[in-house]
Amino acid sequence: MSMERDLFITEVALRDGSHAIAHQFTVEQVTRVARALGEAHVPYIEVSHGDGLGGSSLQYGLSRTNEMELIEAAVSVSGESKVAVLVLPGIGTVRELKEAAKLGVKMARIATHVTEADVSAQHIQTARELGLETVGFLMMAHMAPVEKLVEQAALMESCGAETVYIVDSAGALLPHQVRERVRALRQRLRVHVGFHGHNNLSLAMANTLAAIEEGATRIDGSMRCLGAGAGNTQTEVLVAVLEKLGIKTGIDVYKLMDAAEEIVAPILAAPQEITRDSLVLGYAGVYSSFLLHARRAAQTFSLDSRDILMEVGRRKVVGGQEDMIVDIAAELARQKTGAAVNQEERYG
Amino acid sequence: MVKVKVAILGSGNIGTDLMMKLRRSSVLELTAVIGIDPESDGLQRARELGYAAIASGLGGFLEQPELADILFDATSAKAHIRHAKALKQAGKTAVDLTPAAVGPFVVPTVNMDAHLDDPNVNLITCGGQATIPIVHAVNRVAPVDYAEIVATIASRSAGPGTRANIDEFTQTTARGLELIGGAKRGKAIIILNPAEPPILMRDTVYALVDPERMDRHAITRSIYQTVESIQSYVPGYRLRSEPLFDGNKVTVFLEVEGAGDYLPTYAGNLDIMTAAAVKVAEEIAKHKLSNTVV
């Protein structure tokens with residue numbers, strides 16, 4: 001099988017998909033997925049808590065299995081494929097990054113909100129020192145104007161990032177917006193440009209193709225859309241589409257289809273689809289991992305989850321602020337029922 | 001009333017905010033502000049307000065050490081390590097606002113009494129000052145097995161020092177939750193939010209307590225007591241809602257609005273540091289004065 005590649009795909013189901021299953025991955029699931037990805041020659045496999053290393057928390061959800069065990073399992077069966085980890089400075093630290101590197105991880109993706117790239121300097125530098133391929137990951141890219149994105153990407157490049165990703169965490173970008181962002185980055189940066197989409201507005205594939213046309217060569221996908229919100233660009237579909245376009249991914253599309261169908265699909269309680277909640281994520285521009293949290297809060301406070309998500313969007317809440325969901329839900333519930341209940345519940 | 005003389009090391013935002021706060025203290029008398037840039041806004045203001053404005057760093061101060069007995073250090077962790085040594089030799093007390101952690105961690109409402117004679121005390125982090133007392137308030141009713149805090153601050157209030165070493169924040173705060181808050185295990189998360197107008201500092205505290213000792217009524221009361229005592233030195237510190245209970249999990253939402261002395265009001269994270277530092281120094285000063293009288 002030819003390993004010639006025009007672009008490099010990272011499969012993110014074992015990281016972004018963690019959100020969709022409330023961080024319940026088991027060693028067995030990860031082992032099966034990673035082995036199949038290795039056999040299909042997918043170049044990179046990302047494995048971490050959904051919020052990156054150290055993300056296991058009451059804020060985001062506790063991991064059922066220690067992520068280091070999951071990483072170790074993936075490394076042991078992934079063959080030629082390289083295992084990547086995600087780190088969000090402020091949540092994960094250099095300490096966890098070093099631990100992951102010891103386990104055989106080959107790539108570190110350092111993620112910040114699109115305007116806060118400078119907090120990643122310490123982690124990017126450490127990743128480089130550890131000999132890892134180092135990626136800067138600018139999340140919630142729809143929240144900043146193009147010039148700001150370019151400035152922040154250049155900052156990551158100057159810190160040592162070898163690739164900078166435009167990350168559409170909310171699945172809110174439209175194809176022409178992706179196009180102008182990739183184009184601007186390609187003009188300014190010397191390093192690779194990547195794109196990570198979410199399918200909340202059913203645009204993950206269209207956006208990914210727009211990014212590739214503009215010269216993005218590092219692309220994320222998740223099999224069966226096993227990612228936050230409505231999931232990411234569906235990897236096995238993307239690989240087939242790219243093959244039809246004559247773009248070489250070096251991935252065995254048949255094997256990837258099998259992995260998606262036989263190994264990934266059973267992990268999901270229900271197939272990924274664009275529900276009204278995930279649609280609202282894209283519509284309101286809200287971080288995709290807020291989906292399950294908003295549903296739970298809606299239930300607790302007897303609210304419509306869409307009302308919570310719309311309010312979250314209005315307040316320009318950024319990734320990682322899951323606590324705001326309950327805070328806002330409590331506030332909306334108070335407004336709904338009036339202040340009278342308050343006093344009774346005070347010591348309730 | 002006799003006051004204890006104090007000086008400020010560092011003429012940046014934090015140092016200048018401290019200067020404004022110290023003007024109100026009935027226990028502390030600010031005499032000098034020490035910087036390295038004579039043109040800095042902080043030193044110019046110090047001169048205007050009639051304080052000695054020393055532009056030659058700690059060395060300049062040590063030529064006239066009688067100026068102050070307690071020094072606030074609002075420079076950097078690296079500089080403080082140097083300062084700490086020199087101040088100790090000169091017999092001065094250091095109240096350290098940097099992450100250097102040379103001296104023990106102090107939170108005014110929690111463990112101040114144990115450190116009144118220490119030559120050097122450290123203010124931990126802004127997130128620590130805001131959340132550790134809450135964990136402590138829960139822990140004194142029901143033992144906390146795990147405490148986790150999420151501090152969200154306005155991007156504009158996160159200085160270059162914090163940004164260059166954000167791990168220092170998470171790791172130091174987590175240690176404070178354990179050492180001072182009393183949690184068996186602590187975890188801290190920090191998030192920067194760039195929204196305009198800037199958001200107020202928010203902190204969320206989660207605590208998992210011993211289910212056998214869960215007592216909503218007593219925990220809520222204990223939290224209210226703590227909030228009230230913090231409000232005595234940080235007036236803009238408040239609960240955003242009643243504490244929430246879910247099984248053995250306690251969730252507390254906090255908000256910190258700054259006093260707006262020199263820093264803008266949204267920078268509650270910086271305000272709680274300078275306010276706590278003044279409070280700590282006042283306690284030390286009172287202790288020094290009472291010792292002198294006796």
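Lettering follows sequence order; numbering is per chain, from 1.
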Exercise. Quick check: are there more than 12 heavy atoms from other residues, nucleotides or ligands sitting under 6.0 Å from CD of B:Gln225?
Worked result: yes
For this session: Identify which part of A:Glu331 has an atom lying under 4.5 Å from any heavy atom of chain B, answering side chain, backbone, both or neither.
Result: side chain
For this session: Let me know if A:Val317 has heavy atoms under 4.5 Å from chain B in its side chain, its backbone, both or neither.
Result: backbone
Exercise. Going by atom types alone, do B:Asn193 and A:His113 pair a side-chain donor with an acceptor below 3.5 Å?
Worked result: no
Problem set entry | Distance-only polar pair, side chains of A:Glu116 and B:Ser155, donor-acceptor under 3.5 Å | yes
Exercise. So does A:Arg188 have more than 12 non-hydrogen atoms from other groups sitting under 6.0 Å from CZ?
Worked result: no
Problem set entry | Under 4.5 Å from any heavy atom of chain A - which part of B:Leu244 | side chain
Exercise. Would one find more than 12 heavy atoms of other residues, nucleotides or ligands at under 6.0 Å from atom NZ of B:Lys184?
Worked result: yes
Exercise. Is there a side-chain contact between A:Gln122 and B:Asn165 (heavy atoms, below 4.5 Å)?
Worked result: yes
For this session: Would you name the heavy atoms of A:Val318 and B:Pro194 that are closest together and state the gap between them?
Result: CG1-CD, 3.7 Å
Problem set entry | Exam field: side chain B:Lys187 to backbone A:Gly54, donor-acceptor pair closer than 3.5 Å | yes
Exercise. Is the number of heavy atoms from other residues, nucleotides or ligands within 6.0 Å of CD (A:Glu151) greater than 12?
Worked result: yes
Exercise. Considering only heavy atoms, which portion of B:Phe253 lies under 4.5 Å from any heavy atom of chain A: side chain, backbone, both, or neither?
Worked result: side chain
Exercise. Is there side-chain contact between A:Asp327 and B:Thr204, with heavy atoms separated by less than 4.5 Å?
Worked result: no
Problem set entry | Atom pair CD (A:Gln321) and CD1 (B:Ile191), whose distance is rounded to the nearest 0.5 Å | 5.5 Å
Exercise. At a heavy-atom separation under 4.5 Å, does A:Thr115 approach chain B through its side chain, its backbone, both, or neither?
Worked result: side chain
For this session: Give a yes or no on this: more than 12 heavy atoms of other residues, nucleotides or ligands lie within 6.0 Å of atom CD1 of B:Ile36.
Result: no
Exercise. Is the number of heavy atoms from other residues, nucleotides or ligands within 6.0 Å of OH (A:Tyr283) greater than 12?
Worked result: no
For this session: Look at atom CD of B:Glu212 and say whether more than 12 heavy atoms of other residues, nucleotides or ligands are closer to it than 6.0 Å.
Result: no
For this session: Using non-hydrogen atoms and a 4.5 Å limit, figure out which bit of B:Ala151 sits close to chain A: side chain, backbone, both or neither.
Result: neither
Seminar exercise, completed: Checked B:Ile219, B:Ile190, B:Ile199, B:Asp167 vs chain A; the most non-hydrogen pairs under 4.5 Å come from B:Asp167
Exercise. So with a 6.0 Å cut-off around CZ of A:Arg95, is the heavy-atom count from everything else above 12?
Worked result: no
For this session: Below 4.5 Å from any heavy atom of chain A, which atoms of B:Gln171 appear? Answer side chain, backbone, both or neither.
Result: side chain
Problem set entry | From B:Leu192 atom CG to A:Thr112 atom OG1, the distance as rounded to the nearest 0.5 Å | 9.0 Å
Problem set entry | Between CG on residue A:Leu58 and OG1 on residue B:Thr251, distance to nearest 0.5 Å | 7.5 Å
Seminar exercise, completed: Interatomic distance, CE@A:Met324 vs OG1@B:Thr152, rounded to 0.5 Å, equals 8.0 Å
For this session: Against chain B, label A:Ser56 side chain, backbone, both or neither, depending on which of its atoms sit under 4.5 Å from a heavy atom there.
Result: backbone
Exercise. Checking heavy atoms, do the side chain of A:Met143, its backbone, both or neither come under 4.5 Å from chain B?
Worked result: neither
Problem set entry | Rounded distance [0.5 Å steps], CG in B:Leu208 versus CG in A:Leu62 | 7.5 Å
For this session: Would you mind telling me which of A:Ile91, A:Thr300, A:Val114, A:Val94 has the largest number of heavy-atom pairs within less than 4.5 Å of chain B?
Result: A:Val94
